[in-house]
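Reviewing the structure listed below.
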Amino acid sequence: MDDATERSERIADLLDRLTLEEKVSLTHGAVDPAGNATGYVPGVDRLGIPELRLADGPLGVRTEDPATAFPASISLAATFDPDLAREQGRAMAREALARDQDVLLAPGLNLIRVPHNGRNFEYYSEDPVVSGRFAAGVVSGIHDEDVIATPKHFVANNQESHRAEVSAEVDERVLRELYLPAFRDAVAAGAGALMTAYNRINGTYASEHERLLREVLKGEWDFDGVVMSDWFGTQFTADTANGGLDLQMPGVRPDEQLESDGTADAEDDGDDSADTSDGVAERFADGLPDPERGDYFSDALQSAVESGEVPEERLDDMVARLLGQAERVGLFDGDRGEGAVDTPDHRDLAERIAVNGTVLLENDGVLPLADDADVALIGPNVDEAITGGGGSSETEPVVSTSPVEGVEARAEGAVTVERGHERIVPVTLLDAIHGDQGDDEADDEDVDRDAAVAAAADADVAVVFVRDTATEAADRGDLRLAGEQDDLVEAVAAANDRTVVVVGSSGPVELPWREDVAAVLQTWYPGQAHGDAAAAVLYGDADPGGRLPVTFAPEPDYPTAGDERRYPGVDYEAHYDEGLLVGYRHFDAAGVDPTYPFGHGDSYAEFRYGDAEVTGDRTVHVDVENASDRDGREVVQAYVAAPEAPDDLERPPRELAGFAAVEVPAGESRTVELTLDERALGRYDADEGWTVDDGEFTVHVGRSSRDLRDSVTIER
Ligand code: BGC
C-alpha cells in the first residue's frame, strides 16, 4: 500500500538529517513549556523545525486566556449558511494565531445519530450533506488564515456512553452513506489534520483502523495531512503506527503534565479530581479513556522501528506529514499573520450566527414583540449567557450578554425579572467523571415561582428562558429540560396566554407544554451574544433565520429508543441496526410525525414558492416570493426520492440533496438555485462503489422535510 505523501525538497532534506530519536520525537506530544496549549509537539532546534501548539475548539479557541465564545456547532448548522461557517473558521484561526496556537482541534462533525449524545452541541446535524457543508466551511476558513484544522472524531463517535471502548457495529454501506461523507468533505476542503475517535468500529479501535485510515482516508481520499489520536486514545505501538496513525496525543501521562504545572503534590489537597495516584483510577470512568495510555510512540516506537516491526518508511511518512503541514501554513518561514482576539468583527459574527441559528418553532402571532410591551422576563439562568456545554470545548469569552442584559437594552416597555426556579447548575466534565448527571443540582438561592407567575400575570407578555445541560464524556439521561422547568413554563403559561419560551439546548429536547404557549424559539447554546441575539429576534430586528438540523420528537420515537443493542449497546457493542434510517430518514420511512421535522423553522415573513425547474444534470431553480411586509430569510431545501433500487435494496424515502439560505426583502422575489449533491442520488454498493441507479428521481423542493412545495424529476 503506497499512501506516502509527496515531499518538498526541504522536507526530503530534513528527513535525511533527522536522527531516529528526533523523528520519533515528532510522532507524539510533550508537555507545553508555555502551559497554554491543549497539546504540544516540540520542534528540533538544530534543524530549524518549529514547535507546534494545538488548541481545542470547536466553539472557540480554548487556552488559558479568553476568546470569542461562538454559538454551538449545532447552532451554526441551524443557520443553513455554510458561508457563516467559513467566516467562523477564519475568525477562530485569527484568534488561534493571536494565542500562539498553530492547530485547531476543530471542527467536530460526527453525525447526530443519538438524540441523547452529550456532545451533540459540538456537532452539526443528523444529515450528512448538512454536516459536510458546515465541516468544509469551517475547515476552509481555518486554513484561509494559515492554521491547521483538525476535523474530529473519525469515525462513528456517536455517543459518549462507553466512548472509550464501545464498538460501532455498522455495515459498509451505512458508513459510506451516513458517517463518512462529512469527513470526506472536510478532507476535500483541505484539512491538514484529522483526529481519530476513541471508539472501535466493527471491533477495531479507530486509532489503528488500517482499512479506514490507510485505505479510505489516505488512499481513496488522498489525505496528505496528519492523523492524530484523541487524547489518550491509542492502545498499541506497532499496530497503531502501521495502521496509519501519525501522531499520538497528548503523548504525556497525567503525572508528567501535573509535574510540569507544579501541581504534582495534588494528592494532599483533598481533591481527588487532581489526585495523581487515585486520579488515574478516578478518571478512568465510563466515557473516559485510560490516561495511562499515553506512551506508545516514544521509546516503544523507536524500538519497533529498530526491530523492523514498524518500517522506517512508515516513520518517515509520519514525520513528513507533520512537517508538510507545518510548511504549508508557513511555520518554517514565520510568515503568518498575527491574528487578533475579541475584535468587533468577531463579536459581530458571534451575534450574527446566534441570530441566524435561532429557530422559530411556533408563533401564534405574539412575536415579534412590540417595542413598548411590558415584559416579565423569567428563567432560572436568565441572568447568564449559555456559552457552551461541558468538556474540552468550553470557551471563556471576554464579554457576554445575558438574556436580562440583552432584553433590558432593547426594550422600551417595563422589564420585570424573576428567576422563578433554582439556578440550573450545568453538568461538567468532572460530573461525568464522577458518574453524576449533575443537571438537577441547584444552588440554595431564594427563588419564588409564585413571584414569577405574578409578574407574568401583570405583564403584556412573559418570556421564559429555559435550558438543558450537556457535557462531553456523558450522554443526557433523557431529553427533558433540567430540573422542574417544564412546571415553571406551565405555571407561567397559565397566568399569561402571551407566553414565549426561549429554549437553550444542546440538541433535541421535549417541549411538553408547547401547545399551551404562544411562541417557542430554539436558540441552542448561543454563545457570548446570547442576550443581544435573543433580543434582536424577539423584537423582530432580525428574522429568526434558523432551521432544525435535527428532528425534534418524543424520546420513544427515535430509532435508538428502547433498544439497548442499538444504544448504548450491549457488551460494549452498539449495533447500528437502524441502518440508513437515522433522523428524518427514520421518521419518513416509519410514517411517524415528529414534533418538529428536520428543516423546520418559521419566519416573521411569509414565503410563496413558484414552480421548480431543473437545468443541466442536477441544478434546481425555484422562485421564492416574500408575500409579507417584512424582510425575511428563507432556507430553500431540496430532497431527493430515488427510483427503486435493484434487489429491493432499501433507500430512505427522501434525502436532503441541497439547500440555500436567501434574504428576501418584503414584497420581492428571488430565484434560488440549488446544485444537488450527486451523492444524494447515489447509493454505496459494496462491490461497485458509488452507484446511481437508472430511473426517475423526484426532487422535492420546500421549507422543511415535511413542508414540500413543488417537485421536479431527473432521469438517469
Ligand atoms: C476530546 C477531544 C479534544 C481532546 C483534547 C478529548 O477528550 O474528545 O475532542 O480535542 O480531548 O482536549
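All figures in this text were calculated on a predicted structure; none of them were measured in a lab. Both counts, for ligands and for their atoms, begin at 1 and track the order of listing. Because only heavy atoms are used, hydrogens play no part in the values below, and waters and symmetry mates are left out as well, while side chains stay in.
- With distances taken over non-hydrogen atoms, the option nearest atom 12 (O) of ligand 1 out of D56, L104, D230 is D56.
- Residue contacts with ligand 1: Y198 is included, with a non-hydrogen atom under 4.0 Å away.
- Classification of E51 and R53 as a salt-bridged pair holds, one side-chain N sitting under 4.0 Å from a carboxylate O.
- A salt bridge does not link R94 with E338: every distance from a Lys NZ or Arg NE/NH1/NH2 to an Asp or Glu carboxylate oxygen is 4.0 Å or more.
- Between D144 and R90 there is a salt bridge, since at least one side-chain N of the basic residue sits less than 4.0 Å from a carboxylate O of the acidic one.
- The T38 neighbourhood of ligand 1 comprises atoms 5 (C), 12 (O), with distances under 4.0 Å to a heavy atom of that residue.
- The side chain of R163, and not its backbone, has at least one atom closer than 4.0 Å to an atom of ligand 1 (non-hydrogen atoms only; side chain from C-beta on).
- Listed by number with element, the atoms of ligand 1 under 4.0 angstrom from any heavy atom of S392 are 1 (C), 2 (C), 3 (C), 9 (O), 12 (O).
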Inset, instruction - Give the C-alpha distance, both sets of side-chain angles, the deciding distance and a yes or no for side-chain hydrogen bond (donor to acceptor under 3.5 Å, both in side chains) between R328 and H143. - result: CA-CA 10 Å; R328 171 185 174 202; H143 278 277; 3.3 Å; yes
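- Of the heavy atoms in E122, none comes closer than 4.0 Å to ligand 1.
- By the 3.5 Å distance cut-off applied to N or O atoms, E472 is counted among the residues near ligand 1.
- At a threshold of 4.0 Å, the pair R336-D102 counts as salt-bridged, since one of the basic side-chain nitrogens sits closer than that to a carboxylate oxygen.
- Residues D571 and R565 are not paired through a salt bridge, judged by the lack of any N-O separation under 4.0 Å between the basic side chain and the carboxylate.
- Considering backbone and side-chain atoms together, K152 places an N or O closer than 3.5 Å to an N or O of ligand 1.
- Listed by number with element, the atoms of ligand 1 under 4.0 angstrom from any heavy atom of R119 are 1 (C), 2 (C), 8 (O), 9 (O).
- At a threshold of 4.0 Å, the pair K152-D56 counts as salt-bridged, since one of the basic side-chain nitrogens sits closer than that to a carboxylate oxygen.
- Taking the six-membered ring for Trp, Y558 and H116 have ring centres at least 6.0 Å apart.
- Using a 4.0 Å cut-off between heavy atoms, M249 makes no contact with ligand 1 at all.
- Proximity to L105 (heavy-atom distance under 4.0 Å) selects the following atoms of ligand 1: 10 (O).
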